[in-house]
Structures are given as structure tokens and as C-alpha cells.
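The structure under discussion appears below in the form of C-alpha cells.
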There are 2 protein chains.
Amino acid sequence: MRESMWRQIAEDLRLKIESGELGAGGMPLPSELELRDSYRASRNTVRDAIKWLVTRGLVVTRPGQGTFVVQKIDPFVTTLSTDINAPRESTAYASEVMASSRIPKVSDPRIEIQQASGLTAAELHLQHGTSVVSRHQDRFIDGVPWSFQTTFYPMRLVEQGAEWIIRAQDLPTGIVGYIENVLGIKEVGCRDRFLVRPPDGAETNFFKLPDDGRISVIETIRTGYDQVGEPLRVTVTTYPADRNQFVMTAGKVPAEQTRALPRG
Amino acid sequence: MRESMWRQIAEDLRLKIESGELGAGGMPLPSELELRDSYRASRNTVRDAIKWLVTRGLVVTRPGQGTFVVQKIDPFVTTLSTDINAPRESTAYASEVMASSRIPKVSDPRIEIQQASGLTAAELHLQHGTSVVSRHQDRFIDGVPWSFQTTFYPMRLVEQGAEWIIRAQDLPTGIVGYIENVLGIKEVGCRDRFLVRPPDGAETNFFKLPDDGRISVIETIRTGYDQVGEPLRVTVTTYPADRNQFVMTAGKVPAEQTRALPRG
DNA sequence: CCGTATTTGTTCGTATGTATT
DNA sequence: CAATACATACGAACAAATACG
């Protein structure tokens with residue numbers, strides 16, 4: 001069976017884009033009317049072909065301007081610590097970004113008092129409706145939103161004296177270290193969960209993702225436990241899948257510059 | 001500005017689908033002609049709305065049958081070992097699946113001799129064109145393709161006497177344990193890389209993913225190193241993002257039944 | 001600032017092909 | 001074979017966003 005015409009046009013455009021024949025140097029593709037003439041098809045058929053390219057993330061269309069090829073993002077590689085004594089997430093982030101010659105920026109923490117529900121109630125072993133403190137931070141690399149993170153603490157930690165949890169400031173020791181210093185409650189282990197899912201509206205907006213849900217987000221959920229096995233905090237971090245990779249080591253491995261992996 | 005009509009229709013359909021008013025129990029949605037009449041729009045406009053739902057993965061269309069809502073897959077949670085002495089991947093897989101009351105199946109290994117290139121050459125520190133052995137296995141859960149895995153070994157291991165690497169059989173100790181027994185080369189550490197990317201053609205076909213690249217695959221690349229820091233093998237595992245989650249623990253954490261996390 | 005040309009976005013209509021029942 | 005339902009393709013008109021003189 002012969003391929004549909006819009007599919008053939010899409011494939012031809014894809015090849016010409018990947019060879020650099022079209023769209024090189026930020027130039028727009030030929031307009032829909034020009035493509036209609038050159039392919040001897042109707043404008044709607046050309047639009048079907050372009051829509052296929054848009055869905056695959058190869059091009060973007062801008063009303064009044066034209067159709068442009070998207071440039072690939074240089075991904076950042078996050079090191080996942082398998083060692084509970086590794087440096088805290090907050091401090092590790094900036095140094096890791098700078099080690100790759102890029103500029104990190106972290107927003108000031110945004111504090112909210114919320115009621116435990118769903119994930120937080122389950123992970124922190126709290127009744128639904130119990131108060132939790134959430135600390136939220138947005139993280140940028142070279143000015144581009146790269147990930148964001150929300151950590152939930154049981155309100156009882158504040159009531160027991162760890163009052164800086166509800167201050168909108170970063171602490172040099174990190175909040176987890178602060179809790180250990182003030183309350184003697186130490187995080188001796190954590191469980192990480194990873195999942196990949198479509199972005200919600202807020203994520204689509206913040207990360208400037210295409211609104212068709214084509215780019216997934218990676219969500220990591222880290223629950224920290226104290227000496228008696230009680231959950232101390234749960235940290236939810238969200239990474240757009242188009243600009244993030246992860247690396248983790250176990251046992252003895254030779255050191256190596258962390259870098260993004262190309263396809264091969 | 002008012003929302004476009006196709007967008008309004010899509011939103012209305014989405015709400016009716018999520019409330020169960022439409023498509024419940026495997027029933028098809030109303031046909032495009034019926035929707036055209038009920039929304040007082042053209043069939044093309046209704047199709048634009050349906051295309052939006054298809055792109056979001058809410059429905060699938062089948063020629064001659066109708067439009068159906070997709071049911072959510074119950075994800076499987078893979079435990080990532082942070083301990084180099086944990087049981088081998090191959091043996092761990094089946095027991096972990098059975099622990100969640102599901103039926104694992106692993107295909108017989110498919111062996112190929114290939115030339116190192118790109119990823120394998122870089123990770124195994126081999127010249128391009130050097131021979132490598134690839135062992136490939138497909139993994140199923142309840143009969144559904146769930147992941148597949150390819151491990152690359154330098155050909156010199158076979159030449160040094162580890163000849164079972166090129167036999168299409170599973171070994172009770174796993175290949176890595178076999179190499180240790182025969183050659184005395186022990187894997188003392190490994191580096192895992194994680195990335196999320198659109199599926200290629202083979203993956204789309206094997207996992208029966210929609211051909212618009214909407215569902216990403218999660219790729220993990222595990223490179224194992226021996227006592228002298230030389231790479232021993234590299235294992236590439238591919239998981240469709242719509243049916244896989246991961247969990248990893250560090251330090252001391254209370255035991256818990258691994259389960260998929262819902263959104264909340 | 002304004003008006004015009006260009007370009008993509010939306011919506012309609014119609015006809016024909018292909019897959020399934 | 002016939003009926004139904006989605007897929008493809010064409011043509012047309014107007015709206016909205018943008019760029020430019």
C-alpha cells in the first residue's frame with residue numbers, strides 16, 4: 001500500500017531538515033503556500049505534514065512568522081547519591097551545575113502550610129488533614145527553568161522547636177541538617193521513587209513545554225527516615241525529560257567527567 | 001479571546017470521559033457524525049477535537065469501529081540495587097515480578113557479534129570496529145512486552161576462555177558471575193545512567209506504542225567495571241514510560257511493599 | 001502609529017478511500 | 001455485498017498574529 005501524501009511530505013521535510021537543507025540557521029521553512037505549490041498538494045495536506053513534524057518535536061509553528069526547526073537542548077546530568085552521607089541536595093546542585101561550566105540559579109524558598117493529602121499523607125504516615133510545611137524552590141540553568149522541588153515536613157517538627165523550617169531562607173546546613181542539629185533527629189536512610197508522566201498545566205507553563213503533553217516530566221520522590229524508621233520529610237522533584245539525565249554509581253568505579261550521552 | 005471551537009469540544013469530551021459519562025466499559029464514543037450533530041459543528045472540527053484527545057493519550061481511534069477511551073496500565077515498579085553485591089539483574093527480575101502477583105516471561109537470549117560503535121565503543125573503551133558480543137532479551141509481564149535489555153561484552157573475554165558468553169542460554173550465576181568464576185575478573189562497581197527519550201521505530205513496534213512518539217521510553221545504561229577499573233560490560237535496558245516506575249533506597253529505611261504511586 | 005502584506009490558525013463544505021462488522 | 005466509521009485529500013473563506021515600510 002502506498003503511503004499517504006501528507007506522510008510522504010512529512011518524511012521529505014524531515015530528511016531535508018536533518019540534512020540542514022531546510023531551516024538551517026534559524027531560518028523559517030518555506031511558507032505553507034509555497035510548500036503547497038512545490039509539492040502540488042492542498043494547503044491542508046501540507047498542514048497535516050507539518051502537524052506531524054510538530055508532534056515529533058522537530059519543528060514549531062509561530063502564527064504570523066512561519067515554521068522553524070527546534071534546536072536540541074544540551075541536557076544536564078544530575079548525580080544521584082547512593083550514599084546517605086553525601087552532601088545535601090540543595091548544596092550539591094549548585095556545585096554540580098558549575099562543574100559543567102553552566103550558571104545555576106535557585107529561587108528563594110516559598111513556604112506554605114498545607115493539609116496532608118494523598119502522597120504526603122501516605123509517605124509521611126500522617127492523617128489526612130494534618131498540617132505539613134511545604135518548601136518549594138525553582139531551579140534554573142543559564143536562565144532556563146530546569147527543575148523544581150517541593151519538600152514536605154510534618155508540622156510537628158516546627159512545634160518541637162525547628163522553627164526555621166517555616167522561614168523563607170536557605171540554611172547552610174540544609175533543612176535536614178538543621179533538624180538534626182536542633183532536634184537530634186537524624187535522617188539515616190531514604191527511599192527514592194522515579195516515574196515518568198505527562199506534565200500538568202503548571203509544569204507545562206513553568207518549563208515552557210509544548211501544550212500537547214508530548215514532552216514528559218521525570219518525577220523523583222525522596223522520602224527520608226529517621227533513626228526509628230519514622231518518615232522525616234518527602235521531597236518531590238520534577239524534571240522535564242528533554243533537558244535532564246541522571247547518573248548513579250555503585251561500588252568502585254573509575255572517576256569520569258559526567259556528560260550527556262548521545263544516541264549510538 | 002474566546003477558545004476555539006475544537007478546543008471547547010475537546011475539553012467537554014475530556015470532562016465527560018473522566019466522569020465516566022462517555023466511553024465507560026469499553027463502549028465507543030459517539031461517532032464523528034453524531035458528535036458533529038450534537039455539537040452543531042463540522043465533522044472536521046470534531047476530528048480536530050478528537051485528534052487532541054488522541055495526542056494526549058486519552059482515546060484511540062479505530063477505523064471501522066469508533067473512538068475508544070484508553071484504560072490506564074497498572075505500572076510495575078523495578079527496584080534499582082544500590083549495592084554491588086545485590087542479586088544479578090537477570091535473576092532479580094523474575095522474583096520481583098512474581099512478588100507482585102504477576103507473571104514474568106523472559107525470552108531466550110539472542111546473541112550477536114557486532115562491531116563496537118558509538119555508545120559501546122565509548123563505554124567499553126574499545127576502538128570503533130572492535131568485536132563485541134551482544135546478548136539481547138525481551139521481558140514480558142502477564143504476556144505484555146514490558147522492557148528489553150541488551151548487554152555488550154568485549155570479544156576478548158570470549159577469547160580468554162569465557163565461551164559461554166556466546167551461547168544462547170541463561171546461566172544460573174548470570175553472565176557476570178560466570179566471568180568471575182572462569183576468568184577471575186570480578187565486577188566491583190557499576191555506573192548507571194538514566195535518560196528519557198522518544199521511542200525509535202523498533203521500540204514503537206515491539207511495545208505497541210502509538211506511532212506519534214507521545215509515550216517516551218526510559219533508557220538505563222549500566223556499565224560494569226572490574227578490579228582494575230576497566231569496563232567489563234555495558235547493559236542497555238529500555239522501558240516504556242507508561243508502564244514502569246523505579247524505586248531505590250539508601251541507608252536504613254523501613255521495609256515496605258513496593259507499589260506504584262498514584263498522583264495526589 | 002497606522003496600514004498593508006505575509007503567515008499561520010480555524011472552520012466550513014465535499015468527495016473518495018480503507019478498514020471493520 | 002452492504003452498512004458503518006474513520007482516514008485522506010481538495011478547495012475556500014475568514015480570523016489572528018506578526019513584520020515592515
Side-chain angles (χ1 to χ4, degrees), chain A residues 1-14 16-17 22-23 25-70 204 208 210-212 214, chain B residues 1-14 17 22-23 25-70 204 208 210-214:
Chain A
M1 177 198 120
R2 107 182 181 289
E3 280 281 10
S4 58
M5 188 183 303
W6 68 264
R7 192 67 189 69
Q8 293 181 48
I9 295 173
E11 192 60 24
D12 189 64
L13 288 173
R14 186 180 70 82
K16 286 179 176 166
I17 287 168
L22 287 181
M27 288 289 294
L29 266 58
S31 76
E32 293 174 354
L33 295 182
E34 288 171 319
L35 291 173
R36 157 171 68 81
D37 293 339
S38 67
Y39 284 111
R40 249 72 70 86
S42 77
R43 182 178 165 224
N44 280 337
T45 302
V46 168
R47 281 178 60 80
D48 283 343
I50 292 175
K51 175 156 288 184
W52 186 86
L53 297 171
V54 169
T55 303
R56 302 306 184 87
L58 275 70
V59 303
V60 290
T61 58
R62 290 202 276 270
Q65 299 185 45
T67 302
F68 302 82
V69 311
V70 306
T204 297
K208 310 238 186 308
D211 70 351
D212 58 4
R214 184 171 27 84
Chain B
M1 175 198 134
R2 105 182 180 291
E3 279 281 8
S4 58
M5 190 183 302
W6 67 266
R7 192 66 190 73
Q8 292 182 49
I9 295 173
E11 192 59 25
D12 190 63
L13 288 173
R14 187 181 70 81
I17 286 168
L22 287 181
M27 286 292 293
L29 267 58
S31 76
E32 294 174 352
L33 295 183
E34 288 171 318
L35 291 172
R36 157 172 66 84
D37 293 340
S38 66
Y39 284 111
R40 249 72 71 86
S42 78
R43 184 176 162 228
N44 281 338
T45 302
V46 169
R47 279 177 62 79
D48 284 342
I50 292 176
K51 172 152 278 179
W52 186 85
L53 297 171
V54 169
T55 302
R56 301 306 185 88
L58 275 69
V59 302
V60 290
T61 58
R62 287 201 278 269
Q65 298 184 44
T67 302
F68 302 83
V69 312
V70 305
T204 297
K208 310 236 186 311
D211 70 351
D212 58 3
R214 182 170 30 80

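Throughout, a chain's letter reflects where its sequence line sits, starting with A, and its residues are numbered from 1. None of these values were measured; they are calculated from a predicted model.
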Review point. Which residues pass the salt bridge (charged side-chain N to carboxylate O under 4.0 Å, His left out) test with B/Asp211, sequence neighbours left out?
Key: none
Check your understanding: Quick one: salt bridge (charged side-chain N to carboxylate O under 4.0 Å, His left out) partners of A/Lys16, sequence neighbours excluded?
Key -> A/Asp12
Point to revise | side chain to side chain contact (heavy atoms under 4.5 Å, CB included) partners of B/Ser42, counting only residues at least two apart | key: B/Asn44, B/Thr45
Practice item. Scan for salt bridge (Lys or Arg N to Asp or Glu O under 4.0 Å) pairs involving residues 40-52 of chain B, sequence neighbours excluded, and state none if there are none. Key: B/Glu32-B/Arg43, B/Glu32-B/Arg47
Taking side-chain hydrogen bond (donor to acceptor under 3.5 Å, both in side chains) as the test, write out the residues that go with [X], two or more places apart.
X       : value
B/Trp6  : B/Ser4
A/Arg7  : A/Glu11
A/Asp37 : none

Check your understanding: Which ones in residues 30-44 of chain A lie close to DNA chain C, meaning a heavy atom under 4.0 Å from one of its atoms?
Key -> A/Ser31, A/Glu32, A/Arg43
Check your understanding: CH2 of B/Trp6 versus P of C/dT11: gap in Å, rounded?
Key -> 8 Å
Revision key, fill the gap. Here the distance between atom P of D/dT18 and atom CZ of A/Phe68, to the nearest Å, is 11 Å
Review point. Hey, can you pull the residues of residues 45-52 of chain A with a non-hydrogen atom under 4.0 angstrom from DNA chain D?
Key: A/Thr45
Review point. Is the distance from OP1 or OP2 of D/dA19 to the nearest side-chain N or O of A/Gln65 less than 4.0 Å?
Key: yes
Check your understanding: Has B/Thr67 got a side-chain N or O lying under 4.0 Å from the OP1 or OP2 atom of D/dA5?
Key -> no
